[in-house]
Amino acid sequence: MRYDFNQIEKKWQEYWAKNQTFKAEDNSDKPKYYVLDMFPYPSGAGLHVGHPLGYIASDIYARFKRHKGFNVLHPQGYDSFGLPAEQYAIQTGQHPALTTEANINRYREQLDQIGFSFDWSREVRTSDPQYYKWTQWIFILLFKSWYDYSADRARPISELEDLFSSEGNRDIKAACDEDTEAFSAADWNNFSSEEKQRILLKYRLTYLAETEVNWCPQLGTVLANDEIVNGVSERGGYPVVRKKMTQWSMRISAYAERLLQGLNDIDWTESLKESQRNWIGKSVGALVEFKVQGSRFKVPVFTTRPDTIFGVTFMTLAPEHDLVEKITKPEQKAQVEAYVEASAKRSERDRMADVKTISGVFTGAYAEHPFTKEPVPIWIGDYVLAGYGTGAVMAVPCGDQRDYDFAGHFDIPIKNIFKDVDISDEAFSGKEGTVIANSDFLNGLEYKTALKKAISELEKIGQGKGKTNYRLRDAVFSRQRYWGEPFPVYYVNGLPQMIEKEHLPLRLPEVEKYLPTETGEPPLGNAIEWAWNTAKNEVVHKDLIDHNVVFPLELNTMPGWAGSSWYLFRYMDPHNEEEFVSEAAQQYWENVDLYIGGSEHATGHLLYSRFWTKFLKDRGFLTVDEPFKKLINQGMILGTSAFVYRLEGENKFVSKHLIGDQSVQPIHADVSLVNASDELDIEEFKKWRPEFADAEFVTEANKYIVGREVEKMSKSKYNVVNPDDICEDYGADTLRMYEMFLGPLEQAKPWNTAGITGVHNFLKKLWKLYHDEHNNFEVKDGKASAESLKTLHKTIKKVTEDIENFSFNTSVSTFMICVNELSAQKCNFREVLEPLVVLIAPYAPHIAEELWQKLGHDTSVTTAVYPVCEEKHLVESNKEYPISFNGKMRFTLELPLDMTPQEIEQTVMAHEKTQQQLQGRTPKKVIIVPGKIVNIVG
RNA sequence: GCUCGGAUGGUGGAAUUGGUAGACACGUUGGACUUAAAAUCCAAUGAACAGCAAUGUUCGUGCGGGUUCAAGUCCCGCUCCGAGUACCA
């Protein structure tokens, strides 16, 4: 029987499904291991060869761990809420649930075909009410929590209410809105219920707040920064304006410090941790208050360099700053208003991208320097961001290049406060060793001392204090979309109320149109059955809203990251109807041991899920502080696009090498129409698109040669390679090994099917090892040669090391070498071939199962014990020493390993080739590293 | 700009603590089998030069320096490419 991969693979995929081979046990004496892939969004395009790369790697690792005696949890599911399905619904009217279902089925088919060892009994979908019930529950828990900085953890909001009624809020160190006003216990107790609710909202970990958003009136929706190109929407090209909207936000900033510190304890790549550190953006400095002259206003600013306070020559406020309109002098008013309006039209990204243009307007107002009492002109400028710090800066042009440029542009004086530093060309931003001058009580002090002194002096006069600032902003949690989790929220007098846990899930209502309503409300505004009856605790018709018993429900939905921030825990206990995960299940599985996915989630998903994990732990629902212990980013697989060249203005295509200096237009051709030698299938190409049916072709040697270019794999570039075809032609085992063979997991690499035959041939050779020339299975009992045992054991050693280092590409090579050697040795002893099956099973599970069965086993190879390398088979008595002269290898010499350096030197020096090389010279020095090298110098 | 990666034959890529650069595979070339093709098997294959040949010499890991008996690997200074991030006070 020849290697019939199609039949073998189908057989074992059915076997695994039927026997639930990969079902993880909930109660086990074995140690646990949790391997997870990043949550896939089931897109309509299906899988291309780039998607499974990480899945194959994690699958190999999961299978390896099973062989090593672990109880492995390796689940899969779908992040099934999302925009594309909604977009499709808007265009076609097809319910997103139907589209999503169809896409999931297609994904599942493709995944099954590759032979992954997923425990499908634990599958979850974020759009399933039984799943999002718990997403809603977590949202409610966040609403009912506040962050206590003294205890450094989240606590129930009821405890905060108790504190308020006994001591007010003055001494409570809590994460809250900037504008929270102080009150006493007596005040609190006198507040109305509504007043209390409003105050509590400033403390809750999820809260309603006015947020500036990119509003696109035509699309009726808010756009993310990257959905805006050149100030207009990417889709449709409609204008976008900055607008304030009331939205749900997550108080992730409360966790900034813990999210930063937690990075030290997890095994992620340095680059990924670095992006999170940058994103959190901690800076230590001071908050300084400047009084506005002739008014009661104060301008607080954040600075990392309070030591340069005597270098302040002006201040700059963000155009959106609240004080702008209050302090602007009448004579400047027109100019300021025009500037504010102009910058409101520019998107945040535009403003930030345009670094070169310096713009700003003087307000006419002056602040007073806290120490010198000198007047400091107040400007506004859009290089100051409203969202960072206090939205205002004290400008020190001698020490900050942006301030320097601004001062230069508007002829504002620049005061040098650095000793022996020339600032005539540019600002000086050095810190260490800098000595301050021209600065009253800071004169002669070095940076660090000056910094402390400045802060303590500011504290003395009550105009400043040390402060740590974070760039990390609270995350907006509302989306004006249909296809997402509904908020379990209704409104009484405009104040949000939570639906009780026992009435969850609050199901997504049916709507007729998936677009925003005519009045600009989110799509849920189209729902008719969308009001909450507080007596019956159920959703009712919205005409019944009486603001007495029946209240309006929230119209926004949750963002994509809601469901994916906690899904790893649901897999531990996916069918639990009482809890999002049981205590026992979570304590057993803890968290994810190995997480594999793309680096595009560096600051989104990976930060949010760390936040939710820490929060759930604070509230006693988890025992772990971090969701993912070890994380690996797989590199992107790129496509190799093919180009045909059409003569300008003609329907005539010229083969690549015949273009010369003719003017041609390169057009993407579908890569499936091109063979491995870059030759185009002209007939198929003509059929591919009607406009090419009558095209003419200028060929070279009767062939049309296409041009090639490596680009991102995408439908529009016609360079997508589908795993289904590969599985059909070569088998899943070949696909799995080839994807690993392409190169290091973490590196981006172009997909090129050319090399796949090498891997396929390898599997055929492997098959042959177990069969005689007539393809009859033949494996002998008895003693294998020492040589074969050595081949086996060095393979065990290398492959084990490779898996542990996630260096899967080199283990494929190692298998090839092993099979080449065993074939040459004509080895077909069970003693060698049986362990080899187990060794290769994680990589090529189907062929391994088949061979394992043929070897006489009646259970799956999945849990067969992984072979252990016995060093005794690897002991060498000789070493082929490279003999170098002045560092250049000239010949090799086989010598016993137990030879002393002296003996080696004698033998080498006596060798005729040595004498030939030396040509009578006497070497100055002979370097001998036993077991490694001999180098003769001179 | 900043941060993090990367650069090795015609191609994808190997090379453990500095110790035989180019493993393995693709491709190419030649050969065997075949009426022929496919499949399969065998051999050669970094470049240049010399030689009928075995072989030998020189050059070679983005560029320029350095350390060392010895550098793809370590140090200093650049160039280019990729990813992330962006006026963060």
Side-chain angles (χ1 to χ4, degrees), chain A residues 2 269-275 277-279 281-283 285 301-305 308 315-316 318 349 351-358 381-385 387-396 399-403 405-406 429 469-473 598-600 602-603 633 635-636 638 676-677 738 741-744 746-759 761-762 764-765 768 798 801 805 807 809-818 820 880-892 916 923-929 931-938:
Chain A
R2 62 178 187 89
T269 56
E270 209 37 55
S271 67
L272 218 148
K273 290 193 197 180
E274 200 56 34
S275 11
R277 283 191 195 108
N278 288 341
W279 195 260
K282 179 179 185 177
S283 39
V301 299
F302 175 73
T303 174
T304 54
R305 295 293 301 273
T308 63
M315 301 187 72
T316 315
R349 178 158 292 198
R351 273 171 61 180
M352 291 189 289
D354 183 14
V355 182
K356 288 176 203 112
T357 326
I358 297 167
D382 67 4
Y383 78 96
V384 177
L385 303 178
Y388 182 75
T390 61
V393 298
M394 58 174 224
V396 183
D400 183 288
Q401 193 59 44
R402 287 156 308 170
D403 297 343
D405 295 340
F406 195 89
S429 58
N469 215 29
Y470 298 90
R471 190 178 84 101
L472 183 69
R473 291 183 227 173
S599 54
E600 66 273 21
T603 47
N633 286 131
M636 201 194 307
L638 304 164
S677 316
Y738 185 60
F741 188 61
L742 277 178
E746 299 179 69
Q747 221 171 75
K749 53 224 153 201
W751 177 262
N752 185 348
T753 329
I756 202 163
T757 53
V759 172
N761 282 342
F762 155 75
K764 286 199 226 168
K765 278 193 225 168
K768 276 191 191 164
K798 175 79 174 131
E801 284 169 6
N805 295 322
S807 174
N809 55 326
T810 50
S811 38
V812 178
S813 306
T814 305
F815 282 126
M816 289 174 172
I817 294 167
C818 173
N820 287 347
E880 196 167 324
Y881 277 94
I883 313 296
S884 319
F885 292 80
N886 297 320
K888 284 178 184 162
M889 205 278 288
R890 292 304 179 195
F891 60 94
T892 58
Q916 210 180 314
K924 286 198 201 103
K925 208 169 168 190
V926 179
I927 310 268
I928 293 171
V929 185
K932 282 257 162 92
I933 199 171
V934 176
N935 190 13
I936 297 162
V937 188

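Taking side-chain N and O atoms only, K764(A) has a distance below 4.0 Å to OP1 or OP2 of rU40(B). Checking the phosphate oxygens (OP1, OP2) of rU58(B), a side-chain nitrogen or oxygen of R890(A) falls inside 4.0 Å. Between Q747(A) and the phosphate of rG13(B), there is a side-chain N or O to OP1/OP2 separation shorter than 4.0 Å. The phosphate of rG12(B) (OP1 or OP2) has no side-chain N or O of K749(A) nearer than 4.0 angstrom. The side chain of S884(A) contributes no N or O atom lying less than 4.0 Å from OP1 or OP2 of rG19(B). An OP1 or OP2 oxygen of rC88(B) is reached within less than 4.0 angstrom by a side-chain nitrogen or oxygen of R402(A). Proximity of N820(A) to the phosphate of rA25(B): a side-chain N or O atom is located under 4.0 Å from OP1 or OP2.
Annotation: side chain of V396(A) is not in contact with side chain of R305(A) (no heavy-atom distance under 4.5 Å). Taking the side chain as every heavy atom from C-beta outward, V759(A) and M816(A) approach each other to under 4.5 Å. Taking 4.5 Å as the limit, some side-chain heavy atom of S271(A) sits within range of a side-chain heavy atom of T269(A). Counting heavy atoms from C-beta on, the side chains of N809(A) and L742(A) never come closer than 4.5 Å.
Distance noted for atom P between rU11(B) and rA47(B): 12 Å (whole Å). Taking atom C1' on both rA23(B) and rA15(B), the two are 8 Å apart, rounded to the nearest angstrom. Rounded to the nearest Å, the gap between the P atom of rC24(B) and that of rC33(B) is 27 Å. To the nearest whole angstrom, the two C1' atoms, one in rU8(B) and one in rG46(B), are 11 Å apart. Between the C1' atoms of rG10(B) and rU58(B), the separation comes to 23 Å (whole Å). Here the separation of rC76(B) from rA44(B), taken at their P atoms, is 44 Å to the nearest Å. On the C1' atoms, rC26(B) is 11 Å away from rG13(B), given to the nearest whole Å. Between rU20(B) and rG72(B), the distance separating the two C1' atoms is 14 Å to the nearest Å.
Comparing N469(A) and V812(A), the nucleotide of RNA chain B nearest to each residue sits closer to the 5' end for V812(A). Across the interface with RNA chain B, nearest-nucleotide mapping of V929(A) and P750(A) shows P750(A) to be the residue nearer the 5′ end.
Base engagement by S813(A) is indicated by at least one non-hydrogen atom pair under 4.0 Å involving a base atom. Contact annotation for N752(A): no contact, since no heavy-atom pair falls under 4.0 Å across all strands. T303(A) comes within 4.0 angstrom of sugar-phosphate atoms only, judged by non-hydrogen atoms across all strands, and of no base. At the heavy-atom level, N761(A) lies under 4.0 Å from the strands shown only through sugar-phosphate atoms. Contacts of P744(A) with the nucleic acid, taken as non-hydrogen atoms under 4.0 Å apart, involve only primed sugar atoms and P, OP1 or OP2. Using a 4.0 Å heavy-atom criterion, one finds that V937(A) contacts the sugar-phosphate atoms exclusively. Using a 4.0 Å heavy-atom distance criterion, K768(A) is classed as a sugar-phosphate-only contact. Contact annotation for K888(A): backbone-only contact, meaning every heavy-atom pair under 4.0 Å involves sugar-phosphate atoms and none involves a base.
Rounded to an integer number of Å, the gap from F885(A) CZ to rG56(B) P is 12 Å. For the pair W279(A) CH2 and rU85(B) P, the interatomic distance rounds to 6 Å; values are reported in whole Å. Rounded to an integer number of Å, the gap from CD of E746(A) to C1' of rG6(B) is 13 Å. Computed from coordinates, the W751(A) CH2 to rG13(B) P distance equals 13 Å when rounded to whole Å. Separating the CE atom of M889(A) from the C1' atom of rG22(B) is a distance of 13 Å, rounded to the nearest angstrom. Rounding to whole angstrom units, CG of residue L742(A) and P of rC24(B) are separated by 18 Å. If you take CG of N809(A) and P of rA25(B), they are 14 Å apart, rounded to a whole angstrom. As rounded to whole Å, 11 Å separates atom P of rA15(B) from atom CD1 of I817(A).
Aromatic ring orientation, F885(A) versus F891(A): tilted (interplanar angle from 30° to 60°).
Here rC4(B) is the nucleotide among rC26(B), rC4(B), rU20(B) with the atom lying nearest to any side-chain atom of S271(A). In this structure, of rU20(B), rC41(B), rC69(B), it is rU20(B) that holds the atom nearest to the side chain of E880(A). Here rU3(B) is the nucleotide among rC26(B), rA14(B), rU3(B) with the atom lying nearest to any side-chain atom of E274(A).
Taking the ring centroids of Y738(A) and W751(A), they lie under the 6.0 Å cut-off.
Taken from CG in N935(A) to CG in N886(A), the straight-line distance is 7.0 Å, to the nearest 0.5 Å.
Y383(A) and T316(A) are linked by a side-chain donor-acceptor pair at a separation below 3.5 angstrom, with hydrogens and angles left out of the test. For the residue pair S283(A) and Y388(A), a side-chain donor N or O sits within less than 3.5 Å of a side-chain acceptor on the partner. In the model, N805(A) has no side-chain atom that pairs as donor or acceptor with a side-chain atom of E801(A) under 3.5 Å. For the residue pair T810(A) / S807(A), a side-chain donor-acceptor distance below 3.5 Å is found, with atom types taken as modelled.
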Quick one: the dot-bracket string of RNA chain B, using Watson-Crick and G-U wobble pairs with both distances under 3.5 Å, [ ] for crossing pairs and | for bases paired to another strand.
(((((((..(((......[....)))((((((.......))))))(((((....)))))..(((((..]....))))))))))))....
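A donor-acceptor contact under 3.5 Å is formed by the side chain of K932(A) with the base of rU17(B).
Base orientation at rG9(B) is syn, since its O4'-C1' glycosidic dihedral falls within 90° of 0.
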